[in-house]
2 protein chains.
Amino acid sequence: MNFQSALIFISAMNLKELAHNLGLSQTTVSRALNGYPEVSEATRRKVHEAAEAHNYRPSVRAKSLATGRSMTIAHVVPVSSQHEMVNPIFSDFIAGAGEEYSRAGYDLLLSVVPDSEQDKMYRDLVTRQAVDGLIVQAPTLTDNRIPLLHELNIPFVVHGRSSGVLSDYNWLDVNNRRAFERATSLLLDLGHRRIALLNGLATLDFAHRRSDGYKRALLERGVAVDPDLIAHEEMTENYGYEVARKMLATSNPPTAFLVSSIIPAIGVRRAVKDAGFEFGRDVSIVIHDDDLSYFRNIGDVPLFTAVRSSVRDAGKRAAAMLIEIIRQRQEGQKDHPPMQTLMEAELTIGQSTGPLPVPTSTTHT
Amino acid sequence: MNFQSALIFISAMNLKELAHNLGLSQTTVSRALNGYPEVSEATRRKVHEAAEAHNYRPSVRAKSLATGRSMTIAHVVPVSSQHEMVNPIFSDFIAGAGEEYSRAGYDLLLSVVPDSEQDKMYRDLVTRQAVDGLIVQAPTLTDNRIPLLHELNIPFVVHGRSSGVLSDYNWLDVNNRRAFERATSLLLDLGHRRIALLNGLATLDFAHRRSDGYKRALLERGVAVDPDLIAHEEMTENYGYEVARKMLATSNPPTAFLVSSIIPAIGVRRAVKDAGFEFGRDVSIVIHDDDLSYFRNIGDVPLFTAVRSSVRDAGKRAAAMLIEIIRQRQEGQKDHPPMQTLMEAELTIGQSTGPLPVPTSTTHT
DNA sequence: TCAGTCAGTCAAAGCGCTTTGGAAGTTTGG
DNA sequence: CCAAACTTCCAAAGCGCTTTGACTGACTGA
């Protein structure tokens with residue numbers, strides 16, 4: 001094994017040598033390996049065996065130059081300038097997408113950039129011809145990456161939507177509005193009226209849609225929206241803790257929290273307990289659960305009542321969608337309508353919700 | 001802007017055209033752009049301006065074929081077959097590494113594969129000539145990727161070490177043994193004798209080193225190691241919860257927990273509270289804190305007492321190390337000794353530790 | 001003044017593949 | 001039996017860069 005591998009490296013077999021060894025032309029060898037029909041089965045077999053024996057694999061460098069395809073898809077993940085943080089859902093999203101990519105023979109190019117430099121990076125990746133397609137994550141309310149990529153004329157899929165962008169584009173999203181409307185209604189049904197919303201960054205489109213669902217549900221029941229009960233921030237545990245702590249310390253504290261991710265929800269739970277309240281009794285929590293692999297909200301009765309939608313599954317589907325779009329483009333089919341998928345979140349009841357505690361809906365200091 | 005961009009795409013400027021436009025040869029234009037000295041300043045300026053105006057960027061495909069360098073570094077992240085999970089520290093590690101890569105003009109190729117297919121993927125990436133270097137993550141006790149990459153003769157850096165591999169290689173690691181020895185000593189100093197260890201997967205090298213530190217500290221004080229108090233698993237919140245719950249329900253429960261990551265520690269904390277114990281009083285917890293960006297263990301008095309080492313910083317350093325190694329290799333310097341960095345974790349006292357509660361040091365059944 | 005040096009430029013080869021446009025050899029059909 | 005049609009293979013061009021080796025004209029020094 002050692003010996004063989006060493007040989008393999010030293011010879012660094014390329015197509016020319018392989019063809020020479022076989023007494024065949026490069027054309028024939030290339031065709032045999034790529035499954036073209038104009039090669040006899042006997043020859044193809046011989047070629048495959050030789051390739052195997054020499055551990056030959058075509059150079060992606062040469063291949064992509066010759067074919068004009070890089071067989072690479074990029075994800076550009078922004079590092080927040082605020083907290084130097086990477087959104088923790090990315091690892092699961094990428095795990096899902098990566099599965100599809102490797103199945104289809106694509107490589108994943110991951111570009112980690114400060115959020116201010118995103119546009120430049122997208123433009124770069126395309127003009128350098130580094131990728132065949134892109135995934136756009138965490139779109140803002142009117143995201144300029146979408147028109148940019150349209151201009152650059154490269155296949156792309158948006159994970160989420162951008163309300164301010166009117167042109168058509170390919171996207172895959174969760175029905176955030178409905179999910180949060182349902183979650184809010186659930187809390188209202190339980191008698192809660194002081195319901196806090198701990199949302200993601202206000203610039204992000206999904207946060208807006210979630211607010212929307214929340215507000216709709218409140219207004220439908222005639223409950224006024226209290227801006228003091230709405231927070232927008234990056235979804236860290238500390239954020240959940242601090243915001244909940246402050247809100248619970250007010251004279252008219254919320255009796256329920258709607259939290260955009262399980263991570264800040266952990267912080268909220270901590271704040272609730274620290275304040276001497278009983279979780280799921282005095283104070284209820286409903287979360288949006290991305291079904292993160294390292295933080296599963298499961299069990300007979302899961303810890304949190306949640307609207308759930310697997311971000312890993314989203315990654316997988318978005319990737320499949322993009323691969324299909326690239327395929328269509330390569331077949332020269334230009335007139336396909338955009339692909340758009342809306343997924344519904346599923347509501348699960350956990351330990352974190354209960355009816356509004358007896359005394360009354362508001363406690364006076 | 002729209003108009004200009006559209007033009008840019010349509011023309012899809014390449015070196016040939018650019019040179020022709022300028023009335024110069026490709027050679028000169030290429031040299032001007034790549035900063036070679038044998039080009040007059042006047043010419044260089046003109047070339048840069050024209051390149052800027054036409055939004056020209058050399059094709060990475062052609063460039064890498066011509067230079068033999070792909071300017072790409074790969075991270076192969078395994079998806080656990082057990083829980084289909086991606087280690088949550090990867091996003092921060094990659095954020096750190098990505099910063100260095102973009103500074104140095106490298107792209108990051110991320111390969112997400114089932115852990116069983118890792119070897120194949122490493123071999124593939126190298127023989128396809130897709131990358132100039134690799135980072136190896138989460139090494140096992142005797143990790144065969146290390147000899148493999150040696151054979152393939154490609155620059156690589158290991159994040160962690162592999163005790164069973166005797167050859168020299170480049171690595172960057174935290175002093176896990178000492179960190180856990182100190183953490184254990186701290187608990188012993190507080191009077192604890194029943195100290196549980198919730199470790200990572202037993203196959204991983206770092207888990208072994210951590211066990212080692214833990215056991216040394218115990219033995220030094222003459223405290224016997226109780227195998228019932230040691231658990232090895234993937235570091236999910238649920239794991240922390242379940243294990244702690246079971247241990248606390250025994251007749252001779254631990255009074256302290258040493259937990260390998262903040263994520264299962266959240267679960268431990270939950271179990272402690274559920275069992276009616278007071279966190280940081282009845283039951284102490286010390287964690288290893290990777291300083292995850294979305295889960296900062298901070299504040300005047302952080303939630304957890306911890307041995308801390310930023311995984312983001314590790315990513316950054318590992319990347320810088322790899323880039324330097326690649327540089328040396330390209331300069332034709334073959335005889336460099338391996339680069340090896342051992343980082344010390346820092347101990348922080350938080351709310352999660354306190355002296356052993358009054359009754360006595362060991363409770364008898 | 002003239003060989004020697006140097007700054008600035010270029011034509012062409014080459015990186016390792018794919019793919020086009022034949023060209024043999026082999027069957028088939030009338 | 002011969003033209004037509006396959007089948008199977010090949011030589012060479014091309015992908016868009018970098019880099020080698022050479023060439024020109026201007027400048028230097030003795």
Side-chain angles (χ1 to χ4, degrees), chain A residues 11-48 50-51 54-72 105 107 124 126-132 330 332, chain B residues 11-48 50-51 54-72 105 126-132 330 332:
Chain A
S11 56
M13 185 62 62
N14 60 18
L15 184 63
K16 196 169 169 184
E17 287 178 60
L18 185 62
H20 186 81
N21 280 357
L22 281 158
L24 287 169
S25 73
Q26 294 189 42
T27 309
T28 302
V29 177
S30 171
R31 291 203 153 136
L33 291 173
N34 291 315
Y36 283 73
E38 52 271 78
V39 167
S40 73
E41 272 318 308
T43 308
R44 189 189 306 280
R45 198 168 30 71
K46 263 185 269 170
V47 169
H48 269 121
H54 293 91
N55 210 335
Y56 169 75
R57 236 148 305 192
S59 154
V60 286
R61 294 167 185 164
K63 192 161 184 162
S64 67
L65 182 58
T67 58
R69 305 179 52 184
S70 60
M71 293 306 286
T72 300
D107 286 326
D124 251 47
V126 177
T127 56
R128 290 188 313 158
Q129 309 193 49
V131 299
D132 294 340
Q330 266 145 11
Chain B
S11 56
M13 185 62 63
N14 62 16
L15 184 63
K16 195 169 169 184
E17 287 179 60
L18 185 63
H20 185 81
N21 279 357
L22 282 158
L24 288 169
S25 72
Q26 295 189 42
T27 310
T28 302
V29 176
S30 170
R31 292 202 152 137
L33 292 173
N34 291 315
Y36 282 73
E38 53 272 77
V39 167
S40 74
E41 271 319 306
T43 307
R44 189 188 305 281
R45 198 169 27 72
K46 262 185 271 172
V47 170
H48 269 120
H54 294 91
N55 210 336
Y56 169 76
R57 236 149 304 194
S59 153
V60 287
R61 295 169 186 164
K63 191 161 184 160
S64 67
L65 181 58
T67 58
R69 305 177 52 183
S70 61
M71 293 306 285
T72 300
V126 177
T127 56
R128 291 188 313 158
Q129 308 192 51
V131 299
D132 295 340
Q330 267 146 9

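- Put simply, the side chain of B:Asn34 reaches to within 4.5 Å of the side chain of B:Lys63, judged on heavy atoms.
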Going 5' to 3' along nucleotides 23-28 of chain D, which nucleotides have protein heavy atoms under 4.0 Å from the base (write B), which only from the sugar-phosphate (write S), and which from neither (write -)? ------

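- Here B:Ser64 lies out of heavy-atom contact (under 4.0 Å) with every strand.
- A distance of 11.5 Å separates CG of A:Asn14 from NE2 of A:His20, quoted to the nearest 0.5 Å.
- Atom-to-atom distance recorded for B:Leu33:CG and B:Leu18:CG is 7.0 Å, nearest 0.5 angstrom.
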With B for base contact, S for sugar-phosphate-only contact and - for none (protein heavy atoms under 4.0 Å), nucleotides 15-20 of chain D reads BBBBBB

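- Remark: P of D:dT8 and NZ of A:Lys46 are 12 Å apart, rounded to the nearest angstrom.
- With contacts defined as side-chain heavy-atom distances shorter than 4.5 Å, the pair B:Asn21/B:His54 qualifies.
- Remark: B:Thr43 is in phosphate contact with C:dT9, judged by side-chain N or O atoms under 4.0 Å from OP1 or OP2.
- The closest side-chain heavy-atom distance from B:Asp132 to B:Thr72 is not below 4.5 Å.
- Under the Watson-Crick or G-U wobble criterion, with both distances below 3.5 Å, D:dA30 is paired with C:dT1.
- Remark: P of D:dT8 and CZ of A:Arg45 are 14 Å apart, rounded to the nearest angstrom.
- The salt bridge (charged side-chain N to carboxylate O under 4.0 Å, His left out) contacts involving residues 35-47 of chain A comprise A:Glu41-A:Arg44, A:Arg45-A:Glu49, where partners must be two or more places apart or lie in separate chains.
- We find the CG-OG distance between B:Leu65 and B:Ser70 to be 11.5 Å, quoted to the nearest 0.5 Å.
- In this structure, OG1 on B:Thr67 lies 8.5 Å from CD on B:Gln330, to the nearest 0.5 angstrom.
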